[in-house]
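The structure appears right after this line, and notes come after that.
Please read these numbers as outputs of a predicted model, since none were measured by experiment.
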Amino acid sequence: MSKKQKDAEIRVLQDRLLKIQHAYRRDGRKAMIVLEGWDAAGKGGLIRRLAARLDPRALKVWPIGPPATSEHGAHWLRRFWVKVPAAGEIAVFDRSWYGRVLVERIEGFATKDAWQRAYEEINDWEKSLVLEDYRLVKLLLDISPEEQLERFRARYENPAKRWKITEEDLRNRDRWDDYADAYQEMMARTDKPQARWHAIKTDSKHKSRVMGLGIIADTLADGVDLAWPDATPPIHDFFEGLPDRQQD
């Protein structure tokens with residue numbers, strides 16, 4: 001496909017997502033989109049295309065890193081509770097509470113008892129969100145080690161993108177098998193009917209973006225009236241009472 005064809009395919013999905021966002025704002029619905037996956041697997045690229053045509057006033061994007069100093073000692077889920085969207089909003093989490101059973105597990109930031117307990121805590125929390133009418137979309141972006149290395153190399157060779165590579169990225173790559181096991185267990189233990197995991201292969205950037213946007217759109221649109229909201233009767237009465245425009 002040419003770049004023009006690829007852009008057109010993405011634009012169709014973006015137009016649909018815009019209608020979905022309008023419906024969520026109109027009906028007071030709320031949604032949370034979770035993106036997990038390997039470094040350089042395409043989380044940022046997917047978020048940029050997701051947000052490109054949406055109204056930023058009703059969209060929140062939360063990049064999740066280590067807990068702030070002020071969050072130390074608090075319940076580990078607290079920093080995510082305060083980011084739960086209000087009615088009419090969609091929130092995107094660039095990494096999430098699943099760090100408890102991923103990086104915190106592998107790097108030893110949480111004890112084995114703590115991260116083992118976290119699976120059930122996560123399931124209970126997500127179930128409570130769904131019962132409060134939140135729509136959850138969980139995507140795991142998967143990439144081959146060979147493709148990840150090529151993307152790292154491309155970043156390193158581009159001075160404008162070299163800053164995106166961190167020493168932590170390289171350490172994580174050295175522990176590939178550990179992370180692969182953690183991802184597999186995460187999905188096995190937290191893939192529930194109310195909050196399904198969707199694994200997406202991302203070696204092809206365009207295909208993975210189309211698939212990701214499509215899954216998000218399909219999940220958020222399920223059972224939702226996507227018709228454009230109409231004006232209220234008083235507004236119709238006002239405009240229908242205006243004199244006809246004068247033609248030149």
Side-chain angles (χ1 to χ4, degrees), residues 4-35 43-64 77-97 124-139 192-198 200 206 209-248:
K4 185 176 180 180
Q5 290 172 317
K6 291 179 180 179
D7 290 344
E9 191 172 18
I10 294 290
R11 182 60 181 262
V12 170
L13 290 164
Q14 290 172 332
D15 288 343
R16 187 179 181 215
L17 286 162
L18 179 61
K19 293 190 73 173
I20 292 169
Q21 186 190 39
H22 276 283
Y24 271 60
R25 294 190 68 184
R26 176 195 66 210
D27 299 338
R29 296 176 180 269
K30 55 259 187 182
M32 298 165 67
I33 300 167
V34 176
L35 300 182
K43 293 182 293 296
L46 181 59
I47 291 170
R48 286 194 296 274
R49 283 152 186 83
L50 171 65
R53 298 203 63 228
L54 300 185
D55 186 337
R57 294 171 296 179
L59 179 70
K60 299 289 191 298
V61 178
W62 300 109
I64 303 300
L77 279 172
R78 177 186 177 277
R79 66 190 184 117
F80 304 107
W81 267 114
V82 298
K83 296 176 176 63
V84 170
E89 293 182 344
I90 297 172
V92 182
F93 290 82
D94 182 358
R95 302 198 186 278
S96 68
W97 44 94
D124 289 342
W125 185 45
E126 291 181 349
K127 183 177 180 179
S128 73
L129 290 169
V130 172
L131 290 173
E132 291 292 332
D133 297 323
Y134 283 86
R135 191 69 59 91
L136 294 180
V137 188
K138 303 191 300 189
L139 303 182
K192 301 297 180 181
Q194 70 273 10
R196 291 291 187 196
W197 275 108
H198 303 272
I200 300 174
H206 177 68
R209 289 164 182 168
V210 169
M211 184 176 295
L213 293 176
I215 291 170
I216 292 169
D218 288 345
T219 305
L220 297 189
D222 186 28
V224 177
D225 179 8
L226 299 184
W228 289 113
D230 197 4
T232 61
I235 293 175
H236 280 298
D237 292 342
F238 173 81
F239 283 99
E240 289 171 4
L242 293 176
D244 292 338
R245 289 194 181 97
Q246 298 219 352
Q247 301 294 324
D248 293 335

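For Tyr24 (side chain) and Leu220 (main-chain N/O), a donor-acceptor pair under 3.5 Å exists by modelled atom type. Panel note: side chain Arg49, backbone Gly45; a donor-acceptor pair is recorded below 3.5 Å. Looking only at distances, a side-chain donor or acceptor of Arg135 sits under 3.5 Å from a matching main-chain atom of Thr219. Between the Glu126 side chain and the Gln194 main chain, no donor and acceptor come within less than 3.5 Å of each other. A side-chain donor-acceptor contact under 3.5 Å links Arg26 to the backbone of Ala227.
Rounding to the nearest 0.5 Å gives a distance of 9.5 Å between NZ of Lys192 and CG of Asp124. Rounding to the nearest 0.5 angstrom, the gap separating the CZ atom in Arg209 from the CD1 atom in Ile200 is 12.0 Å. Rounding to the nearest 0.5 Å gives a distance of 8.0 Å between CZ of Arg29 and CG of Asp133. Annotation: the span from Glu89 atom CD to Arg25 atom CZ amounts to 9.0 Å, rounded to 0.5 Å. We find the CG-CG distance between Leu54 and Leu18 to be 6.5 Å, quoted to the nearest 0.5 Å. A distance of 10.0 Å separates CG of Leu242 from CD of Glu240, quoted to the nearest 0.5 Å.
Within the 4.5 Å cutoff, side-chain heavy atoms of Leu139 are placed close to those of Ile216. With contacts defined as side-chain heavy-atom distances shorter than 4.5 Å, the pair Ile64/Asp94 does not qualify. Residues Arg53 and Leu17 fail the side-chain proximity criterion, which asks for heavy atoms closer than 4.5 Å. The closest side-chain heavy-atom distance from Asp15 to Lys19 is not below 4.5 Å. The shortest side-chain heavy-atom distance between Arg16 and Asp218 falls under the 4.5 Å cut-off.
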Side chains of residues 77-86: which donor-acceptor partners sit under 3.5 Å, not counting sequence neighbours?
{"residue": "Arg79", "atom": "NH1", "partner": "Gly65", "partner atom": "O", "Å": "2.9"}
{"residue": "Arg79", "atom": "NH2", "partner": "Gly65", "partner atom": "O", "Å": "3.2"}
{"residue": "Lys83", "atom": "NZ", "partner": "Arg79", "partner atom": "O", "Å": "2.9"}

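Heavy atoms only, all atoms of each residue included: Leu226 and Ala23 are closest at CD2-CB, 4.0 Å. Minimum heavy-atom separation, Ala195 to Leu136: CB-CD1, 3.9 Å.
Within a 6.0 Å sphere centred on NZ of Lys60, other residues, nucleotides and ligands contribute more than 12 heavy atoms. Within a 6.0 Å sphere centred on CD of Gln5, heavy atoms belonging to other residues, nucleotides or ligands number more than 12.
For Arg196, the salt bridge (charged side-chain N to carboxylate O under 4.0 Å, His left out) test picks out Asp191, with sequence neighbours left out.
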Exercise. Please report the C-alpha distance between Leu59 and Val92 in whole Å, then the side-chain angles of each, then the deciding distance to 0.1 Å, and finally whether the side-chain contact (heavy atoms from CB on, under 4.5 Å) criterion is met.
Key: CA-CA 8 Å; Leu59 179 70; Val92 182; 4.0 Å; yes
Exercise. Let me see the working for Val34 and Val137 under side-chain contact (heavy atoms from CB on, under 4.5 Å), right down to the final yes or no.
Key: CA-CA 6 Å; Val34 176; Val137 188; over 6 Å; no
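Listed by first and then second residue, the side-chain hydrogen bond (donor to acceptor under 3.5 Å, both in side chains) pairs involving residues 220-232 are Asp230-His236 (not counting sequence neighbours).
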